[in-house]
Protein chains: 2
Amino acid sequence: MNLPPLIQAFVLHFGEMGSRWGINRTVGQIYALLYVSPVPLNADQIVEALGVSRSNVSMGLRELQAWNLAIPKHVPDDRRDHFTTPGDVWEILRVLAEERKKREVDPTLSVLRELLMMAPASEAERHAQHRMAEMHGLIEQLTTWYDEVKRLETERLAQLLALGSRVARIVEATDKVVSLGRPRKRKE
Amino acid sequence: MNLPPLIQAFVLHFGEMGSRWGINRTVGQIYALLYVSPVPLNADQIVEALGVSRSNVSMGLRELQAWNLAIPKHVPDDRRDHFTTPGDVWEILRVLAEERKKREVDPTLSVLRELLMMAPASEAERHAQHRMAEMHGLIEQLTTWYDEVKRLETERLAQLLALGSRVARIVEATDKVVSLGRPRKRKE
DNA sequence: CTGTATTTTCAGTAATTACTGAAATCATCA
DNA sequence: TGATGATTTCAGTAATTACTGAAAATACAG
């Protein structure tokens, strides 16, 4: 690997982190490299920078493209493919959330739904199904929320984040005046 | 594996999903099994149910305990250790969020902070550092938000979720009346 | 203490996943 | 079209990770 120390440290860290979820080291490193690069890079430049094989880079780029985390960028007068990451960090967050939902949450939801349709054949199964229903309910709440929130523009989203738990107080206050959606029982 | 079909399907799915993030199949299966079990299970019962070796279960349970996802539960008049999962699904969500933050986000934050302290030695490093600062800023916003929100009681959190993006409108409305935090420029 | 039940450790092996180099495919230009 | 440059595929191999069985450690009852 042949990189300025600051960049190398960043790239190595992403390689490590990569393996902590399902992604492999090289993919993590490629992503990190693209992320900090001021210009789109082609595969050979990545090979050069990371010291891995050409084919490994090819596969890594493919995986990153599947995640929408590497974007092919055509450079005029150059036949080789060049790649960047989505530039805006908020955009990256959105892409990540979307992809992970698609891969991790949606399949679970659909399995749960399927299992909840089945007739339990024993007390054990009845109980299990009840637990599955709880899980299903929670995940559905979360995804519904996510689907709504993801439509917000970045600036408004940032505003909400900045408010943090203080929204709760506002909501509580507003609660007394405006009626939003179906009524719900008051806590205190 | 020796389980009622409904439960088996659930357990197998969690095994699969497990490998999609960093967790191994057995650990995923043990978790799923404990989750749907009406009573705490001991290691031998898990061995029996999943058809894996005793030592594998031992290691799996250890990992789950490290994640706070398996809780040892003493059963009177029985020397063997029995395990459950945190019962409330919201509790599980909190535990998961907390642990993943600890393992995935915090280390990245600290690496970023460290790298942001260094003096860039070239234009490339200067640019990289700028990108790192963006990432650092975003992560910090998210974790600050998370730290606040995690303190909310379940019911209030559920209320907020139920509102979804409609909070934005409330905040917008409230914005005009109450002053919260530093002023910020209006979008439209 | 001693004996027994239970859990953990760990070296060896199996299974899985990552990576490489060579060959095949694809694209572009003269 | 053929030659050249670029990318992908894939079989083989390396590296990593998961799993097992046997042995060691631990906990406890008598």
Side-chain angles (χ1 to χ4, degrees), chain A residues 1-2 11-12 14-34 40-67 69-84 103, chain B residues 1-2 11-12 14-34 40-67 69-84 103:
Chain A
M1 185 175 301
N2 180 20
V11 163
L12 289 177
F14 265 71
E16 300 281 312
M17 286 316 280
S19 21
R20 253 186 232 199
W21 21 316
I23 246 166
N24 78 46
R25 192 158 18 96
T26 308
V27 172
Q29 292 183 352
I30 295 176
Y31 176 76
L33 184 65
L34 294 179
L41 300 179
N42 66 44
D44 285 319
Q45 293 173 304
I46 299 172
V47 166
E48 162 78 10
L50 301 183
V52 296
S53 75
R54 182 53 236 267
S55 45
N56 198 4
V57 168
S58 177
M59 284 161 152
L61 282 171
R62 189 117 75 71
E63 182 159 354
L64 284 172
Q65 282 176 275
W67 279 84
L69 286 175
I71 319 265
K73 203 91 184 177
H74 200 72
V75 170
D77 298 330
D78 194 333
R79 274 167 59 183
R80 292 166 299 179
D81 283 343
H82 290 240
F83 295 87
T84 357
R103 287 153 209 252
Chain B
M1 185 175 300
N2 180 20
V11 163
L12 288 177
F14 266 71
E16 299 283 311
M17 287 316 281
S19 18
R20 253 184 232 200
W21 19 315
I23 245 165
N24 77 46
R25 192 158 19 96
T26 308
V27 172
Q29 292 184 351
I30 295 175
Y31 176 77
L33 184 64
L34 294 178
L41 300 179
N42 66 45
D44 285 318
Q45 293 173 304
I46 298 172
V47 167
E48 162 78 10
L50 301 183
V52 296
S53 75
R54 183 52 236 268
S55 45
N56 198 2
V57 168
S58 178
M59 284 163 153
L61 282 171
R62 188 118 75 70
E63 183 161 355
L64 285 171
Q65 282 176 276
W67 278 84
L69 286 175
I71 319 264
K73 203 90 185 178
H74 199 71
V75 169
D77 298 330
D78 194 333
R79 273 166 63 184
R80 290 165 302 179
D81 283 342
H82 290 240
F83 295 87
T84 357
R103 287 154 209 251

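Protein chains get the first letters and strands the later ones, always in sequence-line order, with residue 1 at the start of each.
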Requested in this report: Assign B:N42 to base, sugar-phosphate, or nothing according to its heavy-atom contacts below 4.0 angstrom with the strands shown.
Outcome: nothing
Report task. Using whole Å, report how far CZ of A:R62 lies from C1' of C:dA18. Result -> 15 Å
Query raised in the report: Can you find an N or O donor on one side and an acceptor on the other, under 3.5 Å apart, linking the side chain of A:S55 with the base of C:dG21?
Result: yes
Query raised in the report: Taking atom C1' of C:dT20 as reference, at what distance in whole Å does atom CG of A:L50 sit?
Result: 15 Å
Query - Among D:dT7, C:dC19, D:dC19, the one nearest A:R54 by side-chain distance - result: D:dT7
Report summary line: Rounded to whole Å, the CG-C1' distance (A:L64 to C:dA18) equals 15 Å
Query raised in the report: Taking the side chain of B:N56 as heavy atoms from C-beta outward, which of C:dT20, D:dT9, D:dC19 is closest to it?
Result: D:dC19
Query raised in the report: Is B:Q45 reaching over with its side chain to a backbone N or O of B:N42, donor-acceptor style, under 3.5 angstrom?
Result: yes
Report task. Let me know, please, whether B:V52 or A:A43 comes out on the 5' side of the other along DNA chain D by nearest nucleotide. Result -> A:A43
Query raised in the report: Between B:S58 and C:dT8, does any side-chain N or O lie under 4.0 Å from OP1 or OP2?
Result: yes
Query raised in the report: Rounded to the nearest 0.5 Å, how far apart are CD of B:Q65 and CG of B:D81?
Result: 7.5 Å
Query raised in the report: A:R79 has a side chain; which of D:dC10, D:dG5, C:dT6 sits nearest to it?
Result: D:dG5
Report task. Determine the contact category for A:R80: base if any of its heavy atoms lies under 4.0 Å from a base atom, sugar-phosphate if only primed atoms, P, OP1 or OP2 are that close, otherwise nothing. Result -> sugar-phosphate
Query raised in the report: Rounded to whole angstroms, how far apart are CG on A:D77 and P on D:dA6?
Result: 13 Å
Query raised in the report: Separation of B:I23 atom CD1 from D:dT17 atom P, in whole Å?
Result: 15 Å
**Report entry** Along DNA chain D (nearest heavy atom to each residue), the more 5'-positioned of A:D44 and A:S19
**Finding:** A:D44
Query - Protein-nucleotide distance (A:N24, atom CG; D:dA14, atom P), rounded to Å - result: 19 Å
Requested in this report: Check B:F83 against B:L61 and note the closest heavy-atom contact, atom names and distance.
Outcome: CE1-CD1, 3.6 Å
Query - Proximity to the side chain of A:S53 - top-ranked nucleotide from D:dT20, D:dT7, C:dC19 - result: C:dC19
**Report entry** Minimum-distance pair of heavy atoms, taken over all atoms of B:A49 and B:M1
**Finding:** O-CG, 3.2 Å
Report task. Please report the shortest heavy-atom distance between B:R54 and B:V47, naming the atom on each side. Result -> CA-CG2, 3.6 Å
Query raised in the report: Between C:dT16 atom C1' and B:R20 atom CZ, what is the distance in whole Å?
Result: 16 Å
**Report entry** Spacing of A:E63 atom CD relative to D:dT7 atom C1', expressed in whole Å
**Finding:** 18 Å
